[in-house]
Amino acid sequence: MAKQPPKQRATYRLSGHSIEGDKRTTPIRGDLADIKLAGKLFAPHYAVPMLRTGIAPVTEIHAEPHLSSMPVSALMHGEEFAVLDVAGEWAWGYCLHDDYLGYLRFADLGDDFTATHVVSAPATLLVATPSIKAPVLARYPMGAQIVCGEASECGKFLACEGGWIPRVHLSEPGKVEGSPADLAEKLVGVPYSWGGRSGDALDCSGLVQLVFGLKGIKAPRDADMQQSGFGEALGADEKLQRGDLVFFPGHVGIMADESNLIHANGAAMAVSVEPLADATARFAEHDEPVLARKRVAL
């Protein structure tokens, strides 16, 4: 009997234009991608996101699924997270407000809810009874979104999260008073932390994202993203004014006035206000210490 030739196996080839995206915000890794990328980017498997909501006051988002991994951002109470994969105690996915990818602990996520208020003070305390002498149950930083119910008899507290929060620390979404610069000044002294974007800890771009977000203006997560896609560039002859953004290599700050900068920085290891000239001098080794100056319409 004549030997049969080996059976040809079917082969597949991707052709056409391949879309490349920012690795920080394009939901794909070696084994998995968001279903919205099917037909655009190849992955062995595609997943339909499972929408969950942050239930811890703040949850760190990490570059890798372990606590010793570098934090890259943070999810605040009430913010939504699209889960693409869960392995052990860790979930991989992205924040819905800015598409930023990372890993967080799945236990810090819960069912979706519609917040009635947002913390507009640098931080607030959840207390057991509507009294200044009540035991503290939890702390929520600026930016946390909360579901609140009735007011206390004295009118100074709102029922929230199984306890009470001082009414003066809360605002209705979209009704936060003050400008982004006003809100940034409230945060002077808050510790600097890479990946921080809440009233408990901030990095430079996290400060910008937080204070503009409280005014209903969405900013990208990182400084380079904000430089390229947030606000309008100022002309070389235009004077800086309160609320303008100044970009340096890997850094960003908000102008307090024509000559002073509010920024979360590693020099002070906190949010501080200092002369723009002093901040600029730290980047003197770069050919262009100031990369851009931008203004955001409010």
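This is a predicted model, so every value here is computed, not measured.
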Contact check, side chains of Phe248 and Arg282, non-hydrogen atoms, under 4.5 Å: no
Hphob cluster co-occupancy, Phe106 + Leu104, side-chain heavy atoms under 4.5 angstrom: yes
Any Met76 side-chain heavy atom under 4.5 Å of Gln145 side chain: no
Validation row: Asp85, Trp90 side chains within 4.5 angstrom (heavy atoms): no
Parallel, tilted or perpendicular: ring planes of Tyr103 versus Trp92, cut at 30 and 60 degrees: tilted
Asp224 and Arg24 ion-paired at < 4.0 Å: yes
Same apolar cluster: Met50 and Ile55, side chain cutoff 4.5 Å: no
Side chain Ser171, main chain Val176, donor-acceptor under 3.5 Å: no
Side-chain touch Leu84/Pro49, heavy atoms, less than 4.5 angstrom: yes
Candidate pair Met255 and Leu261, rule side-chain contact (heavy atoms from CB on, under 4.5 Å), full reasoning: CA-CA 4 Å; Met255 295 304 296; Leu261 187 74; 3.6 Å; yes
Non-hydrogen side-chain atoms of Tyr192 and Ser272 separated by less than 4.5 Å: no
Check: Trp164 side chain, Phe157 main-chain N or O, donor-acceptor pair, under 3.5 Å: no
Within-4.5 Å side-chain heavy-atom neighbours: Arg293 and Asp244: no
Minimal non-hydrogen separation, Ala184 against Val271, with atom names: O-CG1, 4.2 Å
Check against side-chain contact (heavy atoms from CB on, under 4.5 Å), Tyr94 and Ile61: CA-CA 9 Å; Tyr94 55 92; Ile61 298 174; over 6 Å; no
Any donor-acceptor N/O pair, His62 side chain to Ser69 backbone, under 3.5 Å: yes
Neighbour count >12 (heavy atoms, 6.0 Å) for atom NZ, Lys156: no
Contact check, side chains of Thr53 and Leu109, non-hydrogen atoms, under 4.5 Å: no
Qualifying residues under side chain to side chain contact (heavy atoms under 4.5 Å, CB included), relative to Asp237, sequence neighbours excluded: none
Side-chain donor or acceptor of Gln226 paired with backbone N/O of Val208 under 3.5 Å: no
Working for side-chain contact (heavy atoms from CB on, under 4.5 Å), residues Ile146 and Leu126: CA-CA 11 Å; Ile146 310 286; Leu126 178 75; over 6 Å; no
Pairwise side-chain contact, Thr116 with Leu158, heavy-atom cut-off 4.5 Å (strictly under): no
CD1-OG distance between Ile165 and Ser152, expressed to the nearest 0.5 angstrom: 12.5 Å
Arg221 side chain to Gly195 backbone, donor-acceptor under 3.5 Å: yes
Side-chain donor/acceptor of Thr26 to backbone N/O of Ile28, under 3.5 Å: no
Any donor-acceptor pair under 3.5 Å from Lys294 side chain to Phe230 backbone: yes
Same apolar cluster: Val252 and Leu183, side chain cutoff 4.5 Å: yes
ILVMFWY network linking Leu96 to Leu101, side-chain heavy atoms under 4.5 angstrom: yes
Parallel, tilted or perpendicular, as decided by the 30° and 60° cut-offs, for the rings of His77 and Phe113: tilted
Heavy-atom pair of closest approach, residues Glu80 and Leu75: O-CD1, 3.8 Å
Transitive ILVMFWY side-chain link Leu214 to Leu245, under 4.5 Å: yes
Whether Arg105 side chain and Glu60 backbone form a donor-acceptor pair below 3.5 Å: no
CA sep, side-chain torsions, deciding dist, call: Arg52, Asp111, salt bridge (Lys or Arg N to Asp or Glu O under 4.0 Å): CA-CA 6 Å; Arg52 307 289 282 173; Asp111 294 333; 2.9 Å; yes
Donor-acceptor pair, side chain of Arg242 and main chain of Ala256, under 3.5 angstrom: yes
Polar side-chain atom of Asp257 near backbone of Asn260 as donor-acceptor pair, under 3.5 Å: yes
